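Below is one structure; the comments refer to it alone.
Please read all numbers here as calculations on a predicted model, not as lab measurements. Labels below follow one simple rule: chain letters A, B, ... track the order of the sequence lines, proteins then strands, and each chain is numbered from 1.
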There are 2 protein chains.
Amino acid sequence: MKATDSRSLHGHVIRELGKRIVVGDLRPGDLLPREEDLAESMAVSRTALREALKVLSAKGLIESRPRVGTRVRATHFWNQLDADVLSWRCASMPTDDFIAKLVEMREIIEPAAAAAAARRRTAAQLAKVEQAYRQMEVARDSEAWAMADLGFHDALLQATGNELMISLFSVIESALGMFFVLSAQTAGDFSYSLPHHLKVLEAIRRKQPEVARKAMQNMIADSLANLHRKRRKSTRKTP
Amino acid sequence: MKATDSRSLHGHVIRELGKRIVVGDLRPGDLLPREEDLAESMAVSRTALREALKVLSAKGLIESRPRVGTRVRATHFWNQLDADVLSWRCASMPTDDFIAKLVEMREIIEPAAAAAAARRRTAAQLAKVEQAYRQMEVARDSEAWAMADLGFHDALLQATGNELMISLFSVIESALGMFFVLSAQTAGDFSYSLPHHLKVLEAIRRKQPEVARKAMQNMIADSLANLHRKRRKSTRKTP
DNA sequence: GCTCGAAATTTATCATACAAACGCGCGGGC
DNA sequence: GCCCGCGCGTTTGTATGATAAATTTCGAGC
């Protein structure tokens with residue numbers, strides 16, 4: 001996905017205020033300073049500030065009313081699935097709890113996506129998945145493999161033909177990508193996960209939704225177990 | 001969820017332009033008129049127009065660059081899960097195809113949510129679900145039942161403790177609500193679906209994730225079958 | 001023909017002014 | 001003494017005009 005352009009001035013304001021809210025520096029119910037004061041304190045014009053406030057308002061983070069001011073809304077109003085909101089949370093809140101929620105979403109989507117792809121894929125879409133798989137087969141270094149793996153999952157998502165699922169997965173995946181570097185998979189891994197990918201591919205080719213779902217579940221389970229094992233072995237960052 | 005306030009001036013511009021883009025009146029790649037001209041054609045100041053453009057930009061619908069202008073982005077950049085984008089699609093594109101995609105998402109989320117709720121619910125959260133169920137039991141008119149039903153699903157979602165799931169469901173549900181009036185369930189229905197709700201509740205109480213998932217799947221399947229049956233009987237709006 | 005630079009156009013940002021909405025307090029009526 | 005309504009002040013909403021920055025385009029020079 002795309003995050004708000006931080007280079008532009010109001011983009012910077014969006015990021016700054018958005019982070020402060022998501023992190024909890026500004027808490028729900030809190031009243032922001034007057035626009036004029038806030039603009040001054042961030043060294044931008046009121047115009048630029050207001051453009052930023054409008055965007056944050058669209059993300060459900062704040063609410064402005066004449067005479068009363070701008071206040072932070074309750075968390076249940078936030079667009080939790082917004083790419084920015086998600087990335088701000090990821091950038092600051094390294095609680096395993098939140099990561100677990102992201103992983104849970106991934107575990108829900110991907111098997112369902114595999115099943116949907118198996119049910120509805122066109123010939124062209126299947127070809128794309130097959131091509132991605134072949135690129136995984138011939139991948140030599142871990143970078144090429146990571147790229148091909150990404151392509152496989154993307155092709156699979158496209159084959160579902162459901163743009164809502166595609167969008168959801170893309171958001172979740174990019175958020176997860178901020179924790180687990182994609183190229184973290186070392187050379188030993190693909191000989192490990194390649195058969196899983198093959199099973200998913202075969203199920204999609206044969207249009208067997210439930211088989212595809214199960215295969216994907218197995219793949220995820222293995223991947224997670226692998227990750228945990230590695231995490232335990234390597235430097236433990238968890239307190 | 002909350003949609004952008006249409007009463008305010010820039011809110012109106014957001015809705016107007018957003019709809020035009022989502023509907024396809026303005027197609028990806030199209031260049032919008034200059035800000036000054038566009039502002040004039042919509043009878044607002046350039047300030048208000050720009051605030052609207054910023055919001056649409058945050059939703060991924062458009063992209064502005066100096067000297068080049070503002071152009072509609074490709075659909076795969078759109079925040080498909082944005083409440084506004086979804087509602088605009090619903091308000092204009094009554095294709096059964098899109099509804100099917102929404103239903104598919106719901107079918108994916110709810111069983112998973114039921115399972116998660118069964119796995120992690122606290123005592124307080126269980127109490128909320130039970131309370132909602134009891135209100136369904138005593139509901140006499142269809143309006144009260146619809147309200148209680150909504151409460152049940154909400155309590156269940158809350159019990160998952162995953163705000164991402166809550167947000168996703170809320171967005172999908174409100175979009176679906178634009179097609180199927182919630183109170184469409186007539187008196188005959190709840191005696192029908194109440195046992196399903198009870199099974200879900202029981203599974204959550206006993207912390208049996210897979211049982212809860214299956215029960216929810218059954219409930220959805222019945223609900224859909226019921227809907228199709230009714231749709232066929234009543235006036236057919238489909239061409 | 002190619003390269004580099006100046007110009008023109010459009011968005012980005014700013015400063016200022018006015019309008020509208022709304023809470024708050026004051027004052028009058030009962 | 002208490003309630004109701006009206007005016008005032010504050011803050012956001014909108015408008016206007018000007019300037020800066022970016023980037024495409026076109027032309028001049030080699």
- side-chain contact (heavy atoms from CB on, under 4.5 Å) with Ala144(A): which residues, sequence neighbours excluded? Ala139(A), Asp141(A)
- Task: Please check if the side chain of Thr160(A) supplies one atom and the backbone of Leu157(A) the other of a donor-acceptor pair under 3.5 Å.
- Result: yes
- Message: Applying ring pair (Phe, Tyr, Trp, His ring centres under 6.0 Å), can you list everything that pairs with His197(A), at least two apart in sequence or on another chain?
- Response: Phe152(A), His153(A)
- Item | Test item: Asp82(A) side-chain N/O and Val85(A) main-chain N/O as donor-acceptor pair under 3.5 Å | yes
- Start and end of the DNA chain D segment that chain B contacts, any atom under 4.0 Å from a heavy atom: dT14(D) to dT25(D)
- Task: Determine whether more than 12 heavy atoms belonging to other residues, nucleotides or ligands lie under 6.0 Å from atom CE of Met42(A).
- Result: yes
- Query: Can you tell me if CZ on Arg106(A) sees more than 12 non-hydrogen neighbours from other groups inside 6.0 Å?
  - Reply: yes
- Message: Going by side-chain contact (heavy atoms from CB on, under 4.5 Å), name the residues that satisfy it together with Ala74(A), two or more places apart in sequence or in a different chain.
- Response: His76(A), Phe77(A)
- DNA chain C: first to last nucleotide in contact with chain A (atom under 4.0 angstrom from a heavy atom), 5' to 3', is dT13(C) to dG23(C)
- What residues, two or more places apart in sequence or in another chain, satisfy side-chain hydrogen bond (donor to acceptor under 3.5 Å, both in side chains) together with Thr122(A)? Gln125(A)
- Task: Taking side-chain contact (heavy atoms from CB on, under 4.5 Å) as the test, write out the residues that go with Thr47(A), two or more places apart.
- Result: Ser45(A), Glu51(A)
- Could you tell me whether Ser64(B) contacts a base, only the sugar-phosphate backbone, or nothing, with contacts defined as non-hydrogen atoms closer than 4.0 Å? sugar-phosphate
- Message: Show every salt bridge (Lys or Arg N to Asp or Glu O under 4.0 Å) that has at least one partner inside residues 34-44 of chain A, sequence neighbours left out.
- Response: Arg34(A)-Glu36(A), Arg34(A)-Asp37(A), Glu35(A)-Arg46(A), Glu35(A)-Arg50(A)
- Message: Regarding Arg65(A), tell me which of base, sugar-phosphate or nothing describes its non-hydrogen contacts under 4.0 Å with the strands shown.
- Response: sugar-phosphate
- Query: Quick one: side-chain hydrogen bond (donor to acceptor under 3.5 Å, both in side chains) partners of Ser87(A), sequence neighbours excluded?
  - Reply: none
- Message: By nearest heavy atom, map Val68(A) and Val44(A) onto DNA chain C; which one lands nearer the 5' end?
- Response: Val44(A)
- Within residues 25-38 of chain B, find the residues that approach DNA chain C with a heavy atom at under 4.0 Å, and present them sorted by residue number. Arg34(B), Glu35(B)
- Query: Which residue lies toward the 5' end of DNA chain C, Arg67(B) or Pro66(A), if each is placed at its nearest nucleotide?
  - Reply: Arg67(B)
- Query: Which residue pairs satisfy the salt bridge (Lys or Arg N to Asp or Glu O under 4.0 Å) criterion with at least one member in residues 120-132 of chain A, sequence neighbours excluded?
  - Reply: Arg120(A)-Glu104(B), Glu130(A)-Arg205(A)
- Message: Whether the side chain of Trp78(A) engages the backbone of Arg73(A) through a donor-acceptor N/O pair (distance < 3.5 Å, no angle test) should be reported.
- Response: yes
- Item | Angle by which the axis turns from one end of the helix from dG1(C)-dC30(D) to dC30(C)-dG1(D) to the other, five pairs per end, to 10 degrees | 10°
